[in-house]
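Report on one structure; see the data block that follows.
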Amino acid sequence: MKEQLHELLNQQQYRAVTTIDRPLLIIAGAGSGKTRMITYRIAYLLHQGVSPSSILALTFTNRAAREMSERVSQLTEGPAAGLTVSTFHSFGLQLIQAHGPLLGYRGSITVFDTQDKLAMIQEVLRQTPGLRGGVTAGEAASYISQKKTSLGNSAEESHPALPRIFTEYQDHLKAFQAVDFDDLLLLPITLFTSRPEVLSSYQKRFQYILVDEFQDTSNIQYRLLRMLADYHRNLCVVGDDDQSIYSWRGADYSNITSFEKDFPEVQEIKLEQNYRSTGNILEAANHLIANNRLRKQKSLWTGEVQGLPLHFRVFEHETEEAESITAKIRELALKNSWNYDDFGILVRANSLMGTLEHELMAAAIPYTVSGGMSFFARKEVKDVIAYLRITANPHNDVDLLRILNTPRRGLGKSTAEELRSTADSGGSSLYSAAEMLAFGEPSPLPSRGKHALQELIELIRWAREEVKTGKPISEMLSRLLDRIAYRQFLMQEHAKNPRIGEWKYGNVERFREFLSRWEEDHEEGELSLADYLNRISLTGKQEPDTRGGKVSLMTIHASKGLEFPCVFLPAVEDGIIPHEKSIAENPQAVEEERRLFYVALTRAKEALYLSRCSSRKFMQSRRDASPSPFLQEIPESFFTETAPSSSPTREEVLRTFADLRSKLKSRQ
DNA sequence: GGGTAAGCAGTTTTT
DNA sequence: CTGCTTACCC
């Protein structure tokens with residue numbers, strides 16, 4: 001085994017794989033074979049006779065988790081039973097479910113996604129008197145999130161009612177047996193703090209803990225890790241501070257420093273050989289990132305050839321730029337016999353994708369756009385999920401409110417208010433209140449509303465009975481959809497544009513197919529409907545369509561972890577990268593913007609085409625665009641001859657910065 | 001309860 | 001310009 005590993009891995013990778021008796025900090029530069037190293041490490045542990053159940057591997061995205069467990073089972077020739085490879089959040093959910101009673105939950109727990117959370121907050125706001133629009137649901141949501149994730153550090157209170165909204169919100173969640181995404185990390189910590197014996201059992205069980213993309217961990221995630229690893233102290237974290245691009249959502253790469261402090265016996269390994277990019281591309285990226293002050297020193301190198309110089313062009317406007325990119329793709333696809341899926345077009349903001357999409361379509365080049373609205377977050381799909389969740393747990397108020405008048409059945413604002421006040425005075429759920437109002441005498445509802453409510457309750461009762469019989473839920477769902485005439489509802493909603501209606505109903509059908517496939521595949525008694533629906537809110541992304549032959553158009557953020565032989569980077573302009581808004585919020589964000597640009601550059605294996613425009617349409621008007629200051633940080637020698645004349649002069653850059661600063665000042 | 005008109009924002013996004 | 005939310009009126 002060891003000899004084999006020596007052949008397959010370089011010196012540093014080998015050490016990273018086989019050092020298994022102490023905490024490890026692996027700084028893995030872009031393209032340094034990180035995923036490969038991690039999977040080999042797990043396989044090595046298993047080969048050394050470590051029981052799969054004492055290994056815990058944590059990732060951020062479901063994609064990463066899936067990839068990792070697939071690659072491990074390839075190496076070990078079959079999946080290792082008991083091995084935990086999961087995202088932080090689903091691991092948290094597992095813990096919460098396993099110890100529900102200790103945390104005050106009984107029965108099935110519902111995971112609220114961002115939209116559910118907002119809906120719930122809106123409910124709370126409506127009920128909190130004296131709030132005359134002082135706080136928006138969004139503000140409250142970010143306060144709540146901050147409060148939960150800051151772990152005792154004070155959250156900023158922009159409004160005196162926020163603490164009360166927070167407690168109200170928490171009470172509501174508890175009442176519905178629901179948790180939000182933050183809770184998935186927070187509740188395990190609460191559990192471990194209040195029940196040291198539970199913590200201890202997990203500490204003993206997980207002898208080896210691995211964390212991928214460590215630079216993306218939040219403080220709360222790090223704290224959970226520290227708790228879990230405290231006994232065996234065998235925590236291996238892998239990350240690259242230069243690729244930390246998610247600080248705006250709580251990632252804190254200073255966790256790397258904390259890790260070194262908390263685990264002083266740590267051994268540090270740097271993976272610095274890049275296997276992805278040609279010399280020019282890698283060197284250019286190195287020059288750029290060297291301008292960041294706050295980073296770990298490292299020097300990525302490659303054994304690859306020098307390769308092509310970087311291309312850079314200036315266009316008049318975005319249409320010209322997009323036309324040129326599509327033409328280039330065409331040309332390269334023919335000349336280099338590349339496939340369309342060898343090309344990636346990476347942009348800083350979603351708003352830049354429109355023109356590019358348009359041109360790709362016009363040129364009949366197949367493409368996929370990644371990101372965008374998650375399939376399971378679409379309104380029509382969420383409606384259907386709400387119906388199913390109500391079936392699993394009728395006392396979930398958020399779901400009841402969602403379906404109350406969808407499709408329209410004459411149960412609007414006034415009925416909802418009546419339900420709310422009845423529920424509040426009786427301390428019951430909305431569903432119980434609805435039963436009372438629908439069948440109780442006397443009822444404050446007008447007879448039409450009463451009737452509609454009766455029908456709705458009978459529908460829910462019917463659905464619950466159907467599920468109890470053990471017949472396929474997907475069949476029940478089709479009949480339910482017929483009963484509520486959901487298709488007609490969608491068509492009516494989009495009477496002006498029937499194609500949208502058809503498309504939306506198609507999504508509903510697709511969801512039904514998912515459900516029915518899950519029912520066929522899943523093992524008896526393993527997962528309940530509620531569990532399945534929870535998993536959907538945790539794995540909510542639509543599968544990216546990577547199956548061959550398509551150009552990928554995506555944001556730079558979405559491109560992390562991917563690579564393309566040929567990368568196009570349009571709109572390398574000041575105000576776009578670095579993004580004006582991000583700098584305005586926090587001037588220190590320049591370094592993160594630079595990392596973002598670095599991530600973009602290092603996605604390319606062989607060819608890199610940068611471009612900018614001298615003017616760009618911005619909202620309704622057109623405005624002049626100056627080059628990104630980052631271009632100055634890449635020496636001209638890396639570019640083709642066309643570059644120097646188009647690069648900005650030092651004076652130009654300074655002027656742009658001065659302009660930007662004064663603009664920001666005047667706005668305040 | 002529903003429909004229309006005015007109002008407003010338009011970075012990145014996973015779980 | 002567009003897409004979405006809010007507010008108001010019927």
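Heavy-atom basis, side chains included; hydrogens, waters and symmetry copies ignored. Convention: sequence-line order gives letters A, B, ...; per-chain numbering from 1.
- Distance, A:L187 CG to B:dT15 C1': 15 Å, rounded to whole Å.
- The side chain of A:T415 places an N or O atom within less than 4.0 Å of a non-bridging phosphate oxygen (OP1 or OP2) of B:dG1.
- Per the geometry, CG belonging to A:N350 stands 10 Å off P belonging to B:dT14, to the nearest Å.
- A close approach under 4.0 Å does not occur between any side-chain nitrogen or oxygen of A:T555 and OP1 or OP2 of B:dT11.
- Nearest to the side-chain atoms of A:A558 among the listed nucleotides B:dT13, B:dT15, B:dG10 stands B:dT13.
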Review item, side-chain donor-acceptor pairs of residues 596-603 of chain A, under 3.5 Å, at least two apart:
{"unit_1": "A:T602", "atom_1": "OG1", "unit_2": "A:Y598", "atom_2": "O", "d": "2.9"}
{"unit_1": "A:T602", "atom_1": "OG1", "unit_2": "A:V599", "atom_2": "O", "d": "3.1"}
{"unit_1": "A:R603", "atom_1": "NE", "unit_2": "A:V599", "atom_2": "O", "d": "2.8"}
{"unit_1": "A:R603", "atom_1": "NH1", "unit_2": "A:L562", "atom_2": "O", "d": "3.0"}
{"unit_1": "A:R603", "atom_1": "NH2", "unit_2": "A:Q243", "atom_2": "OE1", "d": "3.3"}

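- Which of B:dT11, B:dT13, B:dT15 sits closest to the side chain of A:Y246 comes down to B:dT13.
- A:L118 places its CG atom 16 Å from the P atom of C:dC4, with the value rounded to the nearest Å.
- In this structure, NZ of A:K450 is placed 17 Å from P of B:dG1, rounded to the nearest angstrom.
- Heavy atoms of A:F60 sit under 4.0 angstrom from primed sugar atoms or phosphate atoms, though from no base atom.
- One P atom belongs to B:dT11, the other to C:dC4, and the distance between them is 15 Å to the nearest Å.
- As a whole-Å value, the separation of A:I245 CD1 from B:dT11 C1' is 12 Å.
- Here the side chain of A:K581 is nearest to one of B:dT12, B:dG1, B:dT11, namely B:dT11.
- Side chain of A:T61, nearest nucleotide from B:dT12, B:dT14, B:dT11: B:dT14.
- Between the side chains of A:R389 and A:N396, no donor-acceptor pair is found at a separation under 3.5 Å.
- Between A:R409 and A:H557, it is A:R409 whose nearest contact on DNA chain B lies nearer the 5' terminus.
- Taking atom CG of residue A:L352 and atom P of nucleotide B:dG10, one finds them 15 Å apart after rounding to whole Å.
- Atom CG of A:L186 and atom P of B:dT15 are 20 Å apart (whole Å).
- The side-chain ring of A:W248 is not stacked on the base of B:dT11, judged by centre separation under 5.5 angstrom and plane angle under 30 degrees.
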Hey, can you pull the donor-acceptor pairs under 3.5 Å for the side chains in residues 180-190 of chain A, sequence neighbours left out?
{"unit_1": "A:D180", "atom_1": "OD1", "unit_2": "A:K148", "atom_2": "NZ", "d": "3.3"}
{"unit_1": "A:D180", "atom_1": "OD1", "unit_2": "A:D182", "atom_2": "N", "d": "3.2"}
{"unit_1": "A:D180", "atom_1": "OD1", "unit_2": "A:D183", "atom_2": "N", "d": "2.9"}
{"unit_1": "A:D180", "atom_1": "OD2", "unit_2": "A:K148", "atom_2": "NZ", "d": "2.8"}
{"unit_1": "A:D180", "atom_1": "OD2", "unit_2": "A:Y169", "atom_2": "OH", "d": "2.8"}
{"unit_1": "A:D182", "atom_1": "OD2", "unit_2": "A:S145", "atom_2": "OG", "d": "2.6"}
{"unit_1": "A:D183", "atom_1": "OD1", "unit_2": "A:K148", "atom_2": "NZ", "d": "2.9"}
{"unit_1": "A:D183", "atom_1": "OD2", "unit_2": "A:K148", "atom_2": "NZ", "d": "3.1"}
{"unit_1": "A:D183", "atom_1": "OD2", "unit_2": "A:D180", "atom_2": "N", "d": "3.1"}
{"unit_1": "A:T190", "atom_1": "OG1", "unit_2": "A:L186", "atom_2": "O", "d": "3.0"}

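- Taking every heavy atom of both residues into account, A:E573 and A:A625 meet most closely at OE1-CB, 3.4 Å.
- A distance below 6.0 Å separates the ring centres of A:H99 and A:Y202.
- Straight-line distance from the CZ atom of A:R595 to the C1' atom of B:dT11: 16 Å, rounded to whole Å.
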